[in-house]
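Worksheet: one structure, shown below.
Proteins come first, then strands; the chains are lettered A, B, ... in the order of their sequence lines, and each starts at number 1.
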Amino acid sequence: TQLLEQSPQFLSIQEGENLTVYCNSSSVFSSLQWYRQEPGEGPVLLVTVVTGGEVKKLKRLTFQFGDARKDSSLHITAAQPGDTGLYLCAGAPTNAGKSTFGDGTTLTVKP
Amino acid sequence: ETGVTQSPTHLIKTRGQQVTLRCSSQSGHNTVSWYQQALGQGPQFIFQYYREEENGRGNFPPRFSGLQFPNYSSELNVNALELDDSALYLCASSLARGPTYEQYFGPGTRLTVT
């Protein structure tokens with residue numbers, strides 16, 4: 001059983017559309033990180049969210065941490081082909097201490 | 001500032017052999033973590049090293065072992081390779097140990113076991 005469940009697993013959209021991907025858990029996290037990974041490369045850190053209810057923006061990407069610090073979402077506005085990649089969330093539950101990753105959402109943005 | 005580097009980029013080994021993968025951490029970082037990423041899955045935590053000592057381990061057998069050197073670079077050793085060990089092995093460095101840290105990943109080593 002995955003500690004961090006990401007949905008959807010796959011998402012294929014047209015350029016210009018908006019989308020939201022989710023990262024959910026039954027555990028409480030002290031922080032969550034979002035990464036983007038391209039084929040054959042390592043994940044690249046996008047953002048860290050720490051406070052329950054926190055919202056962070058990175059250009060067209062908006063990240064939100066749930067009030068209870070058990071879930072997070074990533075919203076992309078006006079998606080572009082360059083946004084294509086595997087989006088991973090990661091964190092360590094407050095009672096465990098080991099960092100864990102979800103299995104990611106594979107996003108394809110078609111021109 | 002130098003990023004995280006890993007070597008080799010690709011490796012093909014035969015079942016039963018041993019392999020050593022190498023990682024140089026980002027300048028100023030003292031903690032290195034190793035992950036295994038199978039196709040279609042997220043990275044799975046193998047172990048973490050902080051100041052040359054193991055600081056946490058995931059659900060991997062003892063044939064997965066590691067080292068960290070005084071310059072904070074690290075090695076991952078895998079003995080008695082199995083077909084299921086075929087994966088992308090990622091190294092990540094960070095400024096501090098513990099669960100709430102931002103990690104910076106290298107490009108990975110693609111290991112194929114035949």
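- A 6.0 Å sphere centred on CD1 of B:Ile12 holds no more than 12 heavy atoms belonging to other residues, nucleotides or ligands.
- Across every non-hydrogen atom of A:Phe101 and B:Gln103, the tightest pair is CE1-NE2, 4.5 Å.
- Tracing side-chain contacts under 4.5 Å through hydrophobic residues (I, L, V, M, F, W, Y), one reaches B:Leu90 starting from A:Tyr35; they form part of the same cluster.
- More than 12 non-hydrogen atoms from other residues, nucleotides or ligands lie less than 6.0 angstrom from CD of A:Gln14.
- Hydrophobic clustering, with ILVMFWY side chains joined whenever heavy atoms are under 4.5 angstrom apart, groups A:Leu61 together with A:Phe65.
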Next on the checklist: Working note: B:Glu102 + A:Val47, criterion side-chain contact (heavy atoms from CB on, under 4.5 Å); need CA distance, chi angles, decisive distance, verdict.
Outcome noted: CA-CA 9 Å; B:Glu102 296 178 344; A:Val47 79; over 6 Å; no
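- A distance of 11.5 Å separates CG in A:Leu88 from CD in B:Gln41, rounded to the nearest 0.5 Å.
- Around the CZ atom of B:Arg63, the shell of radius 6.0 Å holds more than 12 heavy atoms that belong to other residues, nucleotides or ligands.
- For the atom pair OG1 of A:Thr100 and CZ of B:Phe45, the computed distance is 10.0 Å after rounding to the nearest 0.5 Å.
- Between A:Leu86 and B:Gln37, the shortest heavy-atom distance links the atoms CD2-NE2, 4.0 Å.
- When the shell of 6.0 Å around CZ of B:Arg51 is examined, it contains 12 or fewer heavy atoms from other residues, nucleotides or ligands.
- Contacts between residues 102-111 of chain A and chain B, counted as heavy-atom pairs separated by less than 4.5 Å, involve A:Gly102, A:Asp103.
- For the atom pair CZ of B:Phe105 and CD of A:Gln37, the computed distance is 8.0 Å after rounding to the nearest 0.5 Å.
- One hydrophobic cluster, built from ILVMFWY side chains closer than 4.5 Å, cannot hold both A:Tyr22 and A:Leu32; they sit in different ones.
- B:Leu39 and B:Leu88 fall into different hydrophobic clusters, where Ile, Leu, Val, Met, Phe, Trp and Tyr residues are linked whenever their side-chain heavy atoms come under 4.5 Å apart, directly or through other members.
- Residues B:Val4 and A:Val44 are members of separate hydrophobic clusters, defined by side-chain heavy-atom contacts under 4.5 angstrom among Ile, Leu, Val, Met, Phe, Trp and Tyr.
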